[in-house]
Amino acid sequence: MLSERAKSLWAKKRTVDGQPKWLPLVAHLVDASNVSRMLFNQWLSDQQRVFLTVDQDVDKTLKLVKFVGFIHDIGKATPAFQTKKSYVEDAILDADLIEKAVRTGFVGLDSTHLPSASKSPHAKAGEAILERLAGPDSIGAIVGGHHGRPLTRAPQRDIGDYTSNYWQAEKDPVVQQRWQDVQLELLNYGLEISGFKSVAELPMISQPQAVLLEGLLIMADWLSSSEALEDDPGQPLFPLISLDQGLDDLNLTARYQQAWTRWQRTDEWPTAPVPLASDPYKLRWGFSARPVQRKVAEMIDQAEDPGMVIIEAPMGMGKTEAALVAAEQLAYKGKETGLFFGLPTQATANAMFDRVDEWLRRLAADNGETYSIKLMHSKAEFNPNYLKVPVAEDVDGDASVVVNRWFSGKKSILDEFSIGTIDNLLQMDLKQKHLALKHLGLSKKVVIIDEVHAYDSFMDQHLFRTLEWLGTYHVPIVVLSATLPKATRNRLLEAYFHGKFGQKLSKGADLSRVSSDWQDSEAYPLVSMLDGRRLNQVSHFDGKTNQSQLSIHVERMSGDLTALGERVLDAIADGGVAGVIVNTIKRAQALADALAGKVPFIVLHSAFVAAQRAQLETELQNAIGKGSKRPAKLVVIGTQVLEQSLDIDFDILFTDIAPMDLLLQRAGRLHRHAIARPRALTGPRLVVTGIEGLGEFEEGSAAIYGQYLLMKTEALLPATLRLPDDISRLVQTTYDLQRDPPLPGIEEERTRFETKIAQKAQKAQAFQIAPPSRRRSRTLHGWLDNDQPGVDVSEQRAEAAVRDIDESLEVILLQHTKHGDALIDGRVVDSFQLDRMAKVIAQQTIRLPRVFTFNIDATIKALEQETARLYPGWQQNKWLRGALALPLDEELNGSLMDYQLHYSLKDGLRYWKEDQDGNETV
């Protein structure tokens with residue numbers, strides 16, 4: 001039986017519609033314990049439960065989960081917390097609850113003054129109390145970190161330093177004893193309802209187990225703190241109670257059961273064997289499996305413990321379908337219950353969302369289940385196809401795929417099926433608050449990583465560390481690439497193997513099924529798979545790979561834009577679609593100026609308002625995508641966004657020089673589809689621009705990619721490029737530092753290249769968590785200690801941290817004139833109809849050029865002042881709160897931080913400086 005003193009303590013309090021409400025501390029502790037148990041039993045994957053099992057005892061593990069759920073807020077059983085003011089400082093409510101405690105024996109609490117109460121926040125206090133009562137350090141660190149960031153070290157001196165925060169008085173043993181008794185009472189009650197007899201029975205756990213248990217606790221705490229579903233009082237979860245009620249008035253069993261039933265609105269993926277005899281490709285997509293696809297499925301089917309699968313194959317081979325079938329197989333064999341599909345960009349994530357959604361709907365229909373899907377990037381709420389997916393609470397059991405809005409914000413990664421930018425995965429190694437939630441969400445899924453070649457050496461450092469942790473959790477992974485350097489392939493395998501087994505691949509792996517030179521394989525297509533400790537590689541596939549050979553004539557020219565414009569016009573003089581991919585936005589805009597009025601063209605790059613860029617992508621897809629009615633003549637000018645995002649087809653391609661793998665990706669946009677073409681363009685032609693001489697390149701290209709890879713690419717690029725046969729050989733030779741062509745200065749450039757990679761690796765370490773440790777003596781203390789606190793602030797800063805880019809700044813572009821406000825496309829903005837138009841306004845975002853982030857604080861201050869002056873109502877709107885406005889005049893001109901601006905619906909945002917005479921200087 002609990003004492004009245006323990007029952008009198010509060011965990012939550014607030015005034016609701018003028019009525020004071022509270023929740024007894026014990027009620028919240030029991031709620032969190034019950035939710036933790038339900039999450040462990042019914043939400044975690046089987047693999048997660050196996051991983052969390054301590055001492056091979058599932059029952060003991062469940063007891064531990066329940067205990068951690070209960071004990072997490074024991075730090076609220078302190079005078080520092082019990083005298084804490086309510087959020088809106090409701091003095092009457094605060095006084096009533098203190099009086100309730102005084103009446104049960106906490107004499108003098110109503111007159112207690114604690115000058116240093118903030119020094120003992122309840123998470124830290126909880127760890128200190130548990131430590132004093134002999135709880136294991138590994139469990140104490142979880143309690144101390146359950147608000148997102150573990151302490152640097154155990155708070156061994158906190159009770160001694162701030163005694164009154166814990167026991168009300170510095171020296172009065174009678175007063176102190178009352179609090180000590182209650183804290184011990186709560187500990188013993190938590191042990192009892194969890195099934196332990198004493199603290200001594202609590203097990204020690206490893207650091208990776210502690211991470212997942214921390215994530216589970218945070219999730220359970222958030223769920224058991226949710227008063228209602230989507231803040232709808234008609235859908236209560238764990239509501240507060242009136243002040244005239246107490247713990248004895250609550251049926252805590254019925255309370256959590258009702259909340260769980262209301263919260264669990266979708267089904268768990270009932271993974272099952274994938275029968276290959278009936279060809280899953282035929283069942284899912286209506287076509288027979290191609291040789292590479294069939295071989296991947298067979299390899300996984302025959303594997304005992306499939307871990308990482310790397311598929312290297314040409315563009316258009318069907319790697320996406322292969323990965324999704326593999327995901328079904330791996331989920332069943334690996335006992336996982338979800339999927340994360342990571343892509344390089346928002347555009348590629350948007351395109352993949354449609355394909356995964358289609359696949360998932362077939363799965364749901366086959367199983368008679370309802371699944372939850374999540375598109376994870378900052379513009380997901382503006383994706384029209386994502387918005388068409390019904391919301392879970394609006395569906396009455398008919399929809400097969402829904403959006404569950406409880407999984408939002410930091411909880412998004414917990415959703416079962418997620419498609420998003422790769423940042424969501426790479427941030428798994430980032431010293432970020434609530435990082436344990438990412439580990440929890442990703443460790444229950446099959447992870448697919450697409451277009452790995454698109455990541456630079458800095459992002460690779462984050463990827464390798466992430467793979468170590470995923471390997472530790474035994475997460476199955478599928479890696480897809482058309483142009484993967486063998487060194488990167490080997491590092492991927494090494495990182496995963498080391499995470500899973502704690503050994504180097506060369507020492508711990510069974511290499512009996514691979515050739516002695518497997519690390520240097522240039523075979524293509526190539527499938528590599530880790531099956532437990534065994535490495536398999538397959539490069540021979542029965543039957544035709546269904547990939548026709550494309551012989552591309554390669555030409556070279558300088559980066560002169562006038563000459564480039566003339567070559568483009570000449571190439572399509574008799575009709576055709578020419579693609580021009582340049583490496584900088586300024587070159588794209590300058591080329592557009594040169595072609596203006598001479599030929600129809602579309603410009604696509606990142607300096608367009610988001611809504612317009614989406615429209616341009618759709619326009620481009622409709623014009624030259626698969627099955628489109630192609631225009632007689634068109635030039636498409638774009639930057640690197642054309643490398644990956646769209647399934648488009650050029651008759652001829654002009655491209656600034658880039659590293660070989662990216663150049664091959666661009667070349668893959670040539671003659672993709674079997675269609676009739678203009679007579680002069682029946683053979684594919686690739687014109688590589690920006691080559692000024694031997695080892696000399698257009699300055700923008702050199703600045704972005706560096707000299708070394710460009711020199712090797714230019715030297716190795718043949719006069720006739722054969723795809724896909726040449727892909728692997730060219731990529732491997734370009735990235736092999738031991739196979740440099742005899743070029744003047746190549747040794748010096750290689751040294752600079754190696755130095756830069758080493759610098760990037762060192763820079764990445766400042767943001768990274770340490771590798772996983774299996775020692776039970778290693779706790780979560782200091783796990784997220786961070787000298788780069790900005791990564792906690794925003795999604796953009798976290799993205800910058802894993803991409804090695806300058807912090808970006810996003811603004812809403814509007815017209816502001818004497819006649820009123822309008823969108824960039826001319827639609828009038830009525831300030832009196834702000835709520836109706838807010839979502840549309842919020843889509844008018846654009847990322848400012850780097851020049852505006854060099855002094856980002858000053859830029860933000862200027863934008864904040866202008867936004868507050870012109871649009872004060874934005875702060876009260878959920879779509880526009882915190883947004884920054886950049887107003888332009890009716891001619892779409894403006895200024896910011898001494899720069900002049902102009903926005904064109906044709907070619908995006910431009911900026912420049914002017915001298916005293918009005919001449920452009922930048």
Side-chain angles (χ1 to χ4, degrees), residues 555-609 612-613 615-625 628-643 645-646 648-658 666-667 669-671 677-681 684-692 697-701 824-825 849 891-893 901-912 920:
E555 306 169 38
R556 294 164 169 80
M557 67 175 293
S558 75
D560 179 78
L561 287 174
T562 300
L564 175 58
E566 292 173 354
R567 286 282 299 271
V568 171
L569 292 174
D570 182 64
I572 60 171
D574 296 325
V577 177
V580 186
I581 302 179
V582 291
N583 290 333
T584 65
I585 293 172
K586 282 189 173 294
R587 273 176 66 79
Q589 292 171 332
L591 183 59
D593 289 342
L595 295 180
K598 301 176 181 177
V599 66
F601 64 83
I602 295 175
V603 181
L604 185 63
H605 49 64
S606 60
F608 281 99
V609 166
Q612 190 191 355
R613 177 173 165 179
Q615 292 173 356
L616 287 169
E617 289 175 351
T618 301
E619 178 184 342
L620 190 55
Q621 194 78 52
N622 292 338
I624 59 172
S628 63
K629 185 177 180 181
R630 295 166 72 87
K633 187 180 292 189
L634 180 69
V635 177
V636 178
I637 306 169
T639 55
Q640 291 87 340
V641 298
L642 295 178
E643 281 175 10
S645 57
L646 301 168
I648 51 179
D649 180 308
F650 297 129
D651 296 318
I652 184 172
L653 176 63
F654 297 80
T655 171
D656 280 351
I657 190 166
R666 298 177 185 185
R669 299 304 186 241
L670 273 168
H671 290 224
R677 301 184 188 276
R679 183 165 49 185
L681 301 174
R685 291 165 56 196
L686 178 70
V687 182
V688 181
T689 67
I691 302 173
E692 310 300 336
F697 308 101
E698 183 271 324
E699 62 178 356
S701 303
I824 294 301
D825 60 13
E891 301 298 327
L892 300 184
N893 296 317
L901 304 170
H902 176 71
Y903 189 84
S904 164
L905 295 176
K906 194 71 175 174
D907 58 23
L909 183 69
R910 299 175 184 241
Y911 66 95
W912 67 93
E920 183 177 327

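Counting only distance, with no hydrogens or angles, the side chain of E692 and the backbone of F697 share no donor-acceptor pair below 3.5 Å. Proximity of a side-chain donor or acceptor of E698 to a complementary backbone N or O of G700 within less than 3.5 Å is detected. A side-chain donor-acceptor contact under 3.5 Å links R910 to the backbone of Q589. The main-chain N or O of T689 is never found under 3.5 Å from a side-chain atom of R556 such that the two would form a donor-acceptor pair. Between the side chain of E643 and the main chain of I581, no donor-acceptor pair closer than 3.5 Å is present. A donor-acceptor contact shorter than 3.5 Å is absent between the side chain of R587 and the backbone of D656.
A623 and P631 get closest at one heavy-atom pair: O-CD, 3.6 Å.
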Practice task
Begin from the C-alpha positions of N893 and L901 and carry the test side chain to side chain contact (heavy atoms under 4.5 Å, CB included) through to its verdict.
Solution key: CA-CA 6 Å; N893 296 317; L901 304 170; over 6 Å; no
Practice task
Kindly determine whether V687 and M557 satisfy side chain to side chain contact (heavy atoms under 4.5 Å, CB included), including the steps that lead there.
Solution key: CA-CA 7 Å; V687 182; M557 67 175 293; 3.9 Å; yes
Practice task
Using the side-chain hydrogen bond (donor to acceptor under 3.5 Å, both in side chains) rule, take Y903 and Q612 through it: C-alpha gap first, then chi angles, then the decisive distance, then the call.
Solution key: CA-CA 12 Å; Y903 189 84; Q612 190 191 355; 2.5 Å; yes
Exercise for the section: Output, in order, the C-alpha distance, side-chain angles, deciding distance and verdict of salt bridge (Lys or Arg N to Asp or Glu O under 4.0 Å) for D649 and R677. Expected result: CA-CA 11 Å; D649 180 308; R677 301 184 188 276; 2.8 Å; yes
Practice task
Quick one: do I637 and L595 satisfy side chain to side chain contact (heavy atoms under 4.5 Å, CB included)? Show the steps, please.
Solution key: CA-CA 10 Å; I637 306 169; L595 295 180; 4.0 Å; yes
Practice task
Could you go through the side chain to side chain contact (heavy atoms under 4.5 Å, CB included) check for R685 and F654 one step at a time?
Solution key: CA-CA 8 Å; R685 291 165 56 196; F654 297 80; 5.7 Å; no
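Atom CZ of residue R669 and atom CG of residue L653 lie 10.0 Å apart, to the nearest 0.5 angstrom. A distance of 3.5 Å separates OG in S701 from CG in N583, rounded to the nearest 0.5 Å.
Note that K633 lies outside the cation-pi zone of F601, set by a 6.0 Å cut-off to the ring centre and a 45° limit from the axis.
At least one side-chain heavy atom of I572 sits under 4.5 Å from a side-chain heavy atom of V635. The side-chain heavy atoms of I602 and L616, taken from C-beta on, include a pair separated by under 4.5 Å. Side-chain contact check for R666 versus Q640: some heavy-atom pair is nearer than 4.5 Å. The closest side-chain heavy-atom distance from D574 to P678 is not below 4.5 Å. Contact annotation: the side chain of T639 never approaches that of S606 to less than 4.5 Å [non-hydrogen atoms, C-beta and beyond]. With contacts defined as side-chain heavy-atom distances shorter than 4.5 Å, the pair L620/L642 qualifies. Under the 4.5 Å side-chain criterion, counting only non-hydrogen atoms from C-beta, L604 is in contact with E617.
Take H605 and apply the ring pair (Phe, Tyr, Trp, His ring centres under 6.0 Å) test, not counting sequence neighbours, and it matches F608.
When each of V577, L681, L686 is checked for a side-chain contact (heavy atoms from CB on, under 4.5 Å) with I652, only L681 meets the rule.
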Cut-off 3.5 Å, no hydrogens considered: what does the side-chain donor-acceptor table look like for residues 559-570, sequence neighbours left out?
from : atom 1 : to   : atom 2 : distance (Å)
D560 : OD2    : T562 : N      : 3.3
D560 : OD2    : A563 : N      : 2.7
R567 : NH2    : E555 : OE1    : 2.6

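With 3.5 Å as the limit, one finds no donor-acceptor pair spanning the side chains of T618 and Q615.
With salt bridges taken as basic N to acidic carboxylate O contacts below 4.0 Å, one links R630 and D651.
For D593, the CG atom counts as densely surrounded, since its 6.0 Å shell holds more than 12 non-hydrogen atoms of other residues, nucleotides or ligands.
For the salt bridge (Lys or Arg N to Asp or Glu O under 4.0 Å) condition, no pair includes a residue of residues 595-607, sequence neighbours left out.
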